[in-house]
S.K.: 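Dumping the structure here so I can ask a few things about it.
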2 protein chains.
Amino acid sequence: MTVSTPVSAVFPDQAFTAGCPTREVLDHVMSRWAPLVLASLADAEPLRWTELRRRADGISEKMLAQTLKRLERDGLVRRDAKPVVPPHVEYSLTSTGRELTDHLVPLLSWIAHNAETILAGPPA
Amino acid sequence: MTVSTPVSAVFPDQAFTAGCPTREVLDHVMSRWAPLVLASLADAEPLRWTELRRRADGISEKMLAQTLKRLERDGLVRRDAKPVVPPHVEYSLTSTGRELTDHLVPLLSWIAHNAETILAGPPA
DNA sequence: CAGGATCCAGCCTGATACTG
DNA sequence: CAGTATCAGGCTGGATCCTG
C-alpha cells in the first residue's frame with residue numbers, strides 16, 4: 001500500500017484510499033446484492049423476508065441474511081420483528097437509507113435502460 | 001431460478017431478473033473496482049495506467065487490467081495507445097461512460113460525506 | 001416464516017517473473 | 001511504460017440441510 005492521491009478532488013481528502021471508512025461503505029453498498037435489496041425497499045416498503053427473496057432474484061438465503069444484517073448495522077435498513085407465531089418481520093429503509101436510494105435508484109434506472117446498448121459493445 | 005417480480009416497477013419489465021442483460025451490466029458497473037476507475041476518469045480524463053493504479057488505491061495489476069478491459073468491451077471506456085517508445089496509453093470515458101458517471105459520481109460523493117455516520121451504525 | 005450452520009467451488013489478491 | 005503469465009492462498013458467495 002502506498003500513499004496515494006484520492007480518487008477524486010471533488011471528494012473529501014483521504015476519501016476512497018485503501019482501508020478507509022469511505023471504502024468500507026462503498027464495498028457494502030456496491031456489493032453484489034445490496035443495490036438490489038435497497039432498490040427493492042425503495043420501491044415497496046416495507047418488505048418481508050420472502051418478498052425480498054423474490055425481488056432480489058437469484059439471491060441465496062445466506063446472502064440475503066448477510067446483506068440485510070450489514071445494511072442494518074450500517075443504519076440504512078430497519079428491521080421490525082413482531083412477536084407473533086408464525087414470525088412476522090418487516091424490513092424498511094431508514095431516513096439515511098432513503099437518502100442513499102435517492103442516488104442509487106436513478107443509477108439503476110439508467111443501467112436498466114442502457115443495458116442492451118452497453119452489452120452490444122463499443123460503436124465500432 | 002423462479003419467475004419473479006422485477007426489482008422495481010419503475011424499471012422496464014424483466015429488469016434485474018437473474019441472468020438478464022441488466023444484471024450483467026449491474027455486476028460490471030458495481031464490481032469492486034469499476035466504480036473507482038470510472039470515478040477517477042470522471043475526475044481527470046484522460047489517465048494513464050500508472051496514474052489509474054495510484055488513484056484506485058490498492059488495486060492489483062491483474063484487477064486493473066480486467067476492469068479496464070471489461071469497461072472497454074462495454075463501450076464505457078476508450079483506450080488510446082500512441083505508437084511511441086516508451087509506450088504511452090491513455091484511458092478516457094466514452095459518451096456513454098460519461099452518462100454513467102453523471103449518475104455514479106453523486107452517489108460516491110454522498111457515500112464519502114456520510115461514511116463516518118454510516119459506520120457509526122443505527123441511531124440507537 | 002425467518003433464519004442458522006455447514007461444506008465446497010470459484011474468484012480475488014499478492015508476489016514474482018517476463019515482454020514489447 | 002504498460003502490460004501478460006503463473007501460482008498459492010484466503011475469502012466470498014452458493015447450495016443444501018436444519019431449527020425456533
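Within every chain, numbering begins at 1; the chains are lettered A, B, ... in the order of the sequence lines, protein sequences first and strands thereafter. When reading the values below, keep in mind they use all heavy atoms of this one structure, side chains included, and skip hydrogens, waters and symmetry mates.
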S.K.: In whole Å, what is the span from the CG atom of B/Leu64 to the C1' atom of D/dC1?
M.R.: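 It is 13 Å, rounded to the nearest whole Å.
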S.K.: Kindly write out the residues that satisfy side chain to side chain donor-acceptor pair (under 3.5 Å) with A/His103, not counting sequence neighbours, or none if the list is empty.
M.R.: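 Residues passing side chain to side chain donor-acceptor pair (under 3.5 Å) with A/His103: none at all.
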S.K.: Hey, what do you get for CD (B/Glu61) to CZ (B/Arg53), rounding to the nearest 0.5 Å?
M.R.: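 Going from CD on B/Glu61 over to CZ on B/Arg53, the span is 4.5 Å.
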S.K.: What is the separation between atom CZ on B/Arg32 and atom C1' on D/dG10, rounded to the nearest whole Å?
M.R.: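 Result: 13 Å.
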S.K.: In whole Å, what is the span from the CE atom of B/Met30 to the C1' atom of C/dC12?
M.R.: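 That distance rounds to 19 Å.
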S.K.: In this structure, which one of A/Val105, A/Leu76, A/Val25 forms a side-chain contact (heavy atoms from CB on, under 4.5 Å) with A/Leu100?
M.R.: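 Exactly one option meets the side-chain contact (heavy atoms from CB on, under 4.5 Å) with A/Leu100, and it is A/Leu76.
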S.K.: With a non-hydrogen cut-off below 4.0 angstrom, is A/Gly58 in contact with a base, only sugar-phosphate, or nothing?
M.R.: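 The residue A/Gly58 makes no contact with any strand.
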S.K.: Measure CG/A/Leu47 against C1'/C/dC1 and give the value in whole Å, please.
M.R.: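 Computing the A/Leu47:CG to C/dC1:C1' distance gives 15 Å.
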S.K.: For nucleotides 2-8 of chain C, read 5' to 3', which letter fits each nucleotide if B means a protein heavy atom sits under 4.0 Å from the base, S means only the sugar-phosphate is that close, and - means neither?
M.R.: SBB-BB-
S.K.: Looking at A/Glu116, I'd like to know if its CD atom is crowded, meaning that more than 12 non-hydrogen atoms belonging to other residues, nucleotides or ligands lie closer than 6.0 Å.
M.R.: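 Open.
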S.K.: At less than 4.0 Å, is any side-chain N or O atom of A/Gln66 found next to OP1 or OP2 of D/dG13? Yes or no.
M.R.: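 Yes, such a contact exists.
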S.K.: Can a side chain N or O of B/Trp33 be found less than 4.0 Å away from OP1 or OP2 on C/dT13?
M.R.: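 For B/Trp33, the contact criterion (side-chain N or O under 4.0 Å from OP1 or OP2 of C/dT13) is met.
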S.K.: Side chain of B/Arg48, backbone of B/Glu90: donor and acceptor closer than 3.5 Å?
M.R.: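 A pair under 3.5 Å: no.
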S.K.: Rounded off to whole Å, could you give me the CG-to-P distance for the A/Asp27 and C/dT13 pair?
M.R.: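 Going from A/Asp27 (CG) to C/dT13 (P), I get 10 Å.
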S.K.: Ignoring backbone atoms, establish whether A/Arg53 has a side-chain N or O less than 4.0 Å from OP1 or OP2 of C/dC1.
M.R.: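 The answer is no; no side-chain N or O of A/Arg53 sits under 4.0 Å from OP1 or OP2.
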S.K.: In Å, rounded to the nearest 0.5 Å, how long is the span from CG of B/Leu36 to CZ of A/Phe16?
M.R.: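 Between atom CG of B/Leu36 and atom CZ of A/Phe16 there are 6.5 Å.
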